[in-house]
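All remarks here apply to the structure that follows.
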2 protein chains.
Amino acid sequence: MLTIGTLSRKTGTKVQTVRYYEQIGLLREPGRTAGGQRRYEEADLDRLAFIRHARQLGFALDAIRELLDLSDHPQQSCADADSIARRQLKQVEQRLLRLQALQKELKRMIAECSGDRMADCRVLEVLRDHSECLTAHDDIGA
Amino acid sequence: MLTIGTLSRKTGTKVQTVRYYEQIGLLREPGRTAGGQRRYEEADLDRLAFIRHARQLGFALDAIRELLDLSDHPQQSCADADSIARRQLKQVEQRLLRLQALQKELKRMIAECSGDRMADCRVLEVLRDHSECLTAHDDIGA
DNA sequence: TTTACAAGCTTTAGCCACTAGAGGTTCAAG
DNA sequence: CTTGAACCTCTAGTGGCTAAAGCTTGTAAA
Ligand SMILES: [Zn+2]
Ligand SMILES: [Zn+2]
Ligand SMILES: [Zn+2]
Ligand SMILES: [Zn+2]
């Protein structure tokens, strides 16, 4: 029987986050004491640890939900789980490409600025005029 | 005199986003027609283009606000503008480091999985147990 | 001049994944 | 029995938009 605080400490999750996961149905509703406090079992700890580790690897909560569902069927093929991981890898690689391009542009504008008056600031110039850039930067969020 | 739609088209910004920028004080309140529709000037177009370009380069709206304020003082030193850009570069580089580590872990778990039953899925195994990882992955958001 | 309709308007709520705070109750040690 | 840390619920906020409902306005053709 674990309190929410113990669960929290053992997984490095904020207490509110644990409650949030319960609220969105990612964790089951645990048992309660007579006074209404949550009491967890070891299985909950494992599940929460899985969630947190997947989050650290960048998986979205929806993907994690799928992965948890899949792992409840140990006899089935893991093709679906693998493809979720491949999807995640693709997303990471897309972000990498974008950030690498940003890094290049930022480095360049900083290097080119003489650090003189604002009127001649290379940083501001480039921000004012994309044609000073070497790369395109499509969508904003990526 | 530009309508909000024209502004939107010329800068690749959604109409609602333009109104949002006005709401948070990033764009001034423009003039209105008798009927209450917004009418912009060329200067608004330049400002919005600046904002959007800075967003594409990953700057946060707060940083953009600072940059815009700074560029209103052309005779001052651009040291502050440059340091905002350097801060942005640092952030990009930190994210790059994190994503590169994630990429490595994801690649590895995918490569090591034989694609057999869920019970033996390497992806799930690694997610269940961080000690299977080669790298640490500190904080979740980065 | 009337009419049609694209484009504008405001207000509200939703997205993701938490996080913080207010204001109260329970548990466990001493 | 008392203390106080830890728990509880509920609400609202973060960033940067985005969507939708339900209106009103502007403009150009008939
Ligand atoms: Zn400069
Ligand atoms: Zn550019
Ligand atoms: Zn597998
Ligand atoms: Zn790990």
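Below, chains carry the letters A, B, ... as their sequence lines are ordered, and counting in each starts from 1.
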- Modelled atom types, side-chain donor and acceptor of A:R52 and A:Y21, under 3.5 Å: yes
- Query: What's the OH-C1' distance between B:Y40 and C:dG8, to the nearest Å?
  - Reply: 11 Å
- Can you check whether A:R38 has a side-chain N or O nearer than 4.0 Å to OP1 or OP2 of D:dC7? no
- Go through D:dC8, C:dG8, C:dA20 for me and flag the one nearest to the B:R19 side chain. C:dG8
- Go through C:dC18, D:dG26, C:dT26 for me and flag the one nearest to the B:Q37 side chain. D:dG26
- Taking OP1 and OP2 of D:dG16, is either one under 4.0 Å from a side-chain nitrogen or oxygen of B:R52? no
- Message: Is the phosphate of C:dG8 approached by B:T33 (side-chain N or O, under 4.0 Å from OP1 or OP2)?
- Response: no
- Checking all strands, does B:R55 fall into the base, sugar-phosphate, or nothing category for heavy-atom contacts under 4.0 angstrom? sugar-phosphate
- Query: Separation of B:E22 atom CD from D:dC17 atom P, in whole Å?
  - Reply: 15 Å
- Query: So, does B:T11 use its side chain to make a donor-acceptor pair with the main chain of B:L7 at under 3.5 Å?
  - Reply: yes
- Item | Nearest-angstrom distance from the residue atom CG of B:L7 to C1' of C:dA7 | 14 Å
- Is the phosphate of C:dC18, meaning OP1 or OP2, less than 4.0 Å from a side-chain N or O of A:Y21? yes
- Contact class for A:R9 vs. all strands (heavy atom < 4.0 Å): base, sugar-phosphate, or nothing? nothing
Exercise answer: donor-acceptor pairs, residues 107-114 of chain B side-chain atoms, under 3.5 Å, sequence neighbours excluded:
from, atom 1, to, atom 2, distance (Å)
B:R108, NH1, B:E112, OE2, 3.3
B:R108, NH2, B:E132, O, 2.4
B:E112, OE1, B:R122, NE, 2.6
B:E112, OE1, B:R122, NH2, 3.2

- Message: Does atom CD (B:Q100) have a neighbourhood of more than 12 heavy atoms from anything else shown, all under 6.0 Å?
- Response: yes
- Starting at atom CD of A:Q16, determine the distance to atom C1' of C:dG23, rounded to an integer number of angstrom. 15 Å
- Consider the side chain of A:T17, meaning its heavy atoms from C-beta on, and name the nucleotide among C:dG8, D:dT9, C:dT19 that approaches it most closely. C:dT19
- Query: To the nearest angstrom, how far is B:R32 atom CZ from D:dT24 atom P?
  - Reply: 16 Å
- Message: Considering every strand and a 4.0 Å limit on heavy-atom distances, what is the contact class for B:F59: base, sugar-phosphate, or nothing?
- Response: nothing
- Task: Ignoring hydrogens and angles, tell me if any N or O in the side chain of B:Q88 forms a donor-acceptor pair with the backbone of B:L57 under 3.5 Å.
- Result: yes
- Query: Mapping A:Q23 and B:G36 to their closest nucleotides on DNA chain D, which lands nearer the 5' end?
  - Reply: A:Q23
- Note on the structure: Here the distance between atom C1' of D:dA6 and atom CE of A:M1, to the nearest Å, is 18 Å
- Message: Side chain of B:V15, heavy atoms from C-beta onward: which of D:dA19, C:dG8, D:dG16 has the nearest atom to it?
- Response: C:dG8
- Check the distance between D:dT9's C1' and A:I4's CD1 and give it to me in whole angstrom. 12 Å
- Item | N or O in side chain of A:Y20 less than 4.0 angstrom from C:dC16 OP1/OP2 | no
- Would you mind classifying the nucleic acid contact of B:I24 as base, sugar-phosphate or nothing, using non-hydrogen atoms under 4.0 angstrom? nothing
- Between A:I51 and B:G35, who's closer to the 5' end of DNA chain C by nearest nucleotide? B:G35
- Note on the structure: In whole angstroms, the gap separating P of C:dG21 from NZ of A:K14 amounts to 11 Å
- Query: B:F59 versus A:L106: any side-chain heavy-atom pair under 4.5 Å?
  - Reply: yes
- Message: So, does A:T3 get its side chain near the phosphate of D:dA6, meaning an N or O under 4.0 Å from OP1 or OP2?
- Response: no
- Contact class for B:R65 vs. all strands (heavy atom < 4.0 Å): base, sugar-phosphate, or nothing? nothing
- Query: Are OP1 or OP2 of D:dT25 and a side-chain N or O of B:R39 less than 4.0 angstrom apart?
  - Reply: no
